[in-house]
Protein chains: 2
Amino acid sequence: MSKLVFESTIRGGEDVSVLKIQREMAEVFADLADLFGNPASLGSIYGLLFASPEPLSMEEIVERLDISTGTASQGLRRLVEMQAILPQKEDGDRVTRYGAKLELRPFVAMFLNQQLLPRLEHSSSRIAELQSRLADLTPPTRRVLETRLERASKWHHRAKTFLPLIRRFLG
Amino acid sequence: MSKLVFESTIRGGEDVSVLKIQREMAEVFADLADLFGNPASLGSIYGLLFASPEPLSMEEIVERLDISTGTASQGLRRLVEMQAILPQKEDGDRVTRYGAKLELRPFVAMFLNQQLLPRLEHSSSRIAELQSRLADLTPPTRRVLETRLERASKWHHRAKTFLPLIRRFLG
DNA sequence: AATTCATTTCATTTTGAATTGAAAAACATC
DNA sequence: GATGTTTTTCAATTCAAAATGAAATGAATT
């Protein structure tokens, strides 16, 4: 029995159960990434690093997740950009290793600032532009659309004032 | 000049500027739908109805948005399901006509209840399951993963307690 | 400066979600 | 119940986004 534990525990300096957990965390984060409109591979990589006590090299990531070097390279780049992971090159080290930052903030900020806000701004201004064109319309239609566009405009305003709140709460 | 206004105003009982505005509202809502992981066509349809004083038949929707009957049929079904639009069949009427409901709530509720919550629940429980497996691990690794999974678990908890707040604020 | 290994780039391929459209079904009308 | 019309269904297609992997680049080492 202790033999069994031993066998299932050590494998190339790594614990087999840890590898399983890491792969599952990769899946969990892949789902979450997808939920927020990001490629699942981004999530996988982050999840793996999140569940890895030591930082990992790209090669290790590639083999543990069974993804291509291209996907890994681009995914790592984006994660570094969004400050979700930290690249670290020890002095005598040939490779760069990546460690997960453990805060939510990068993700929340990324989602709010890069996805939500710009698109809300955009549709906001399109609606405003449409409102300025209502004057041309015949009265009965005009009145209906005035109230409706006004309503849509208020939604946007509310949503935008709500964003900082989310950031403060989750970030 | 009044001739110009007249010409650009009446066309088959409909105002040409209204059609343009409707098409643009369809685009605006298509973007928003996409943002929340829904097919853009859903948004288009809703946007058109939102900007239409009178309810529209499927046929009218198909031709104004230039989409297929299949897309229209399925999109209408989903919008009715999520209570974003209202089907109405007048007594002497051959076709069903659809009118937009003007509240945000259906969308917010749909997104929160059908997309966010279930997936948060799912990853939550996967993480909980992983936590129960940590006991097998060798101590140093175990301690690290304990704190990290605990952290991920707290994120989920926070996010879940946050949802009702969003609903109340936007819904 | 030549070699080796890590990383990036990017043209191609894969994948999967959304859309199409034709056929079937449902529905209304005579 | 036969006819004409609207709506649904679903196999096939389309298409954009993601993934691949081989070649180019870059960096360290001898």
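Residue numbers begin at 1 in each chain, while the letters A, B, ... track the order of the sequences.
Contact annotation: B/Thr69 side-chain N/O to D/dT8 OP1/OP2 distance is not under 4.0 Å. In this model, the phosphate group of C/dT19 is approached by a side-chain N or O of B/Ser41 to a distance below 4.0 Å at OP1 or OP2. At D/dA19, none of the side-chain N or O atoms of A/Ser68 fall inside 4.0 Å of OP1 or OP2 (strictly under the cut-off). An OP1 or OP2 oxygen of D/dT20 is reached within less than 4.0 angstrom by a side-chain nitrogen or oxygen of A/Thr71. Within the 4.0 Å cut-off from OP1 or OP2 of C/dT7, not a single side-chain nitrogen or oxygen of A/Arg77 is found.
Atom-to-atom, CE of A/Met58 to C1' of C/dA6 comes out at 7 Å; the value is rounded to the nearest Å. Nucleotide D/dT7 holds its P atom 13 Å from the CD1 atom of B/Ile67, rounded to whole Å. Per the geometry, CZ belonging to B/Phe36 stands 20 Å off P belonging to C/dA17, to the nearest Å. Counting to the nearest Å, the P atom of D/dA19 and the CG atom of A/Asp34 are 10 Å from each other. Between B/Glu63 atom CD and D/dT6 atom C1' there is a gap of 14 Å when expressed in whole angstrom units. Protein atom CD of A/Gln88 is 13 Å distant from nucleotide atom P of C/dT7, rounded to whole Å. Distance A/Asp93 CG to D/dT29 P: 10 Å, rounded to the nearest Å. Put simply, CG on A/Leu56 is 15 Å from P on C/dA6, counting in whole angstrom units.
Among the nucleotides D/dT20, C/dT19, D/dT6, the one closest to any side-chain atom of B/Gln74 is C/dT19. When each of C/dT9, D/dT8, D/dT7 is scored by its nearest atom to the side-chain atoms of B/Thr96, the top-ranked nucleotide is D/dT7.
In this structure, CZ on B/Arg167 lies 6.5 Å from CG on B/Leu163, to the nearest 0.5 angstrom.
Comparing A/Asn38 and A/Lys89 by the nucleotide of DNA chain D whose heavy atom lies nearest to each, the residue mapping closer to the 5' end is A/Asn38. Residues A/Glu59 and B/Gly37 both approach DNA chain C. Their nearest nucleotides, taken by heavy-atom distance, put A/Glu59 toward the 5′ side.
A continuous path of Ile, Leu, Val, Met, Phe, Trp and Tyr side chains, each step under 4.5 Å between heavy atoms, connects B/Phe36 with A/Ile166, placing both in one hydrophobic cluster. Linking Ile, Leu, Val, Met, Phe, Trp and Tyr whenever their side-chain heavy atoms come within less than 4.5 Å puts B/Leu116 and A/Val108 in one cluster.
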Check: residues 67-84 of chain B side-chain donor-acceptor pairs under 3.5 Å, at least two apart:
| unit_1 | atom_1 | unit_2 | atom_2 | d |
| --- | --- | --- | --- | --- |
| B/Ser68 | OG | B/Thr71 | N | 3.2 |
| B/Ser68 | OG | B/Thr71 | OG1 | 3.1 |

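Looking at heavy atoms from C-beta onward, A/Leu86 lies out of side-chain contact with A/Tyr98 at the 4.5 angstrom threshold.
Contacts of A/Leu76 with the nucleic acid, taken as non-hydrogen atoms under 4.0 Å apart, are absent.
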